[in-house]
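Reading through the structure tokens given below for one structure.
Just so we're on the same page: letters track the sequence lines, and every chain starts at 1. These numbers come from the heavy atoms of this one structure, side chains and all, not from hydrogens, waters or symmetry mates.
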2 protein chains.
Amino acid sequence: MILEKKKAFNLFATSKGLRSTRQRDVILDIFLSTHQHVSVEELYLKIKASNPGIGQATVYRTLKLLVDAGLASEILLHDGQTRYEHVMAGEHHDHLVCTGCNSIIEFEDETIEKLQNEIAVRHGFLIKNHKMEIYGLCAGCRK
Amino acid sequence: MILEKKKAFNLFATSKGLRSTRQRDVILDIFLSTHQHVSVEELYLKIKASNPGIGQATVYRTLKLLVDAGLASEILLHDGQTRYEHVMAGEHHDHLVCTGCNSIIEFEDETIEKLQNEIAVRHGFLIKNHKMEIYGLCAGCRK
DNA sequence: ATCTTACTGAAAATGAATGTCAAAAGCATG
DNA sequence: CATGCTTTTGACATTCATTTTCAGTAAGAT
């Protein structure tokens, strides 16, 4: 699966005339190895640990590329840090965000997706993507 | 309706030991008179036009208070500006965001709300609020 | 009217994200 | 494998939204 994504990225890169560099390989690798919803800072620190040479500007730049390539997407929570999550082809998931411990639970619901499409059609709207975040307290934090 | 909200804010203010000031009155007034989804900058400019004395720090501070009071909520789009929308008690609406012209269409869907609750229950999650944004092209921009 | 404490405005500070630019690296070519 | 052209990079500067600071002002209880 990780291999597929690397191939996908290479394809994207060549189609755009981008070059394949050590930095991009490393960043993609480490991004893919992280849990969902990494902030740039988290990712940068992780990268710096094994590859001290790579600068954060490059991490920022590469993450944008991953978004363009359809491998990652940005999520904005309410802590002022942009986070990036993995995009699985065709699949979509949404988030339960715990405001107590900041943990994120993912879920998927086909019925909601269908309803969204209906709503879009009703408004003559062409959906590109969407995000849904439910805020509250997780089981652990309710006590 | 605007009056109700002012009362609600006063109630909140006294319950928290906050003082009632001219600035807060003005900001709440003008916030309530705006369309949905004002950015702080937009609101600040509007306020400055009629009340040149009020500083933007106060606008920022007061908007946070409105959120605490349950009268406003933050929305994060992808343009680096936090926006605030009106919160109607009990009611909830979501957004179709056009990436072509940046217009926002609101909608409400009871079935989706119900499904969200089911999902929350299934995960032992206590919902406080939620956001859903669907990105794409509006009817006008599809052409 | 006085006193305490919260509030405000202006300016400085912060912090995420982006831009700049010279040096380095990719990669097509001879 | 040297050459030359172009993209990419890292370090640093810059931008821009938001937050903090702080001295002065104003609420509102007594």
_Heavy-atom closest pair, residues B/L65 and B/F12_ = O-CE2, 3.9 Å
N/O (side chain, [X]) to phosphate O (OP1/OP2, [N]) under 4.0 Å:
X     : N      : value
A/T58 : D/dT9  : no
A/T82 : C/dA17 : yes
A/K64 : C/dT18 : yes
A/T21 : D/dT9  : yes
B/R24 : C/dT8  : yes

*Go through D/dA17, C/dA16, D/dG10 for me and flag the one nearest to the A/Q23 side chain.*
D/dG10
*Which listed nucleotide (D/dT6, C/dT18, D/dT20) is nearest to the side chain of B/R61?*
D/dT20
What integer distance in Å separates [X]:[atom1] from [N]:[atom2]?
X     : N      : atom1 : atom2 : result
B/Y60 : D/dC16 : OH    : P     : 13 Å
B/E74 : D/dT18 : CD    : P     : 9 Å
A/D79 : C/dG15 : CG    : P     : 14 Å
A/L76 : C/dA17 : CG    : C1'   : 13 Å
B/E42 : D/dA17 : CD    : C1'   : 14 Å
A/Q81 : C/dA16 : CD    : P     : 5 Å
A/D25 : C/dA25 : CG    : P     : 15 Å
A/L63 : D/dT8  : CG    : P     : 16 Å

_Nearest heavy atom decides the nucleotide; on that basis, is A/T62 or B/S20 closer to the 5' end of DNA chain D?_
A/T62
*Where each residue is assigned the nucleotide of DNA chain C containing its nearest heavy atom, which of B/G17 and B/R22 is assigned the position nearer the 5′ end?*
B/G17
*Could you tell me whether B/H78 and B/Y135 have their ring centroids closer than 6.0 angstrom?*
yes
*Base, sugar-phosphate alone, or nothing: which one does A/E41 contact when heavy atoms must sit under 4.0 Å apart?*
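The residue A/E41 makes no contact with any strand.
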*Are B/L32 and B/I75 connected, step by step, through hydrophobic side chains (Ile, Leu, Val, Met, Phe, Trp, Tyr) whose heavy atoms are closer than 4.5 Å?*
no
Acceptor/donor pairs from residues 23-31 of chain B side chains to any protein atom, 3.5 angstrom cut, sequence neighbours excluded:
| unit_1 | atom_1 | unit_2 | atom_2 | d |
| --- | --- | --- | --- | --- |
| B/R24 | NH1 | B/R19 | O | 2.8 |
| B/D29 | OD1 | B/K6 | NZ | 2.6 |
| B/D29 | OD2 | B/K6 | NZ | 3.4 |

_Listed partners of A/E113 passing side-chain contact (heavy atoms from CB on, under 4.5 Å), at least two apart_ = A/H92, A/D94, A/Q116, A/H130
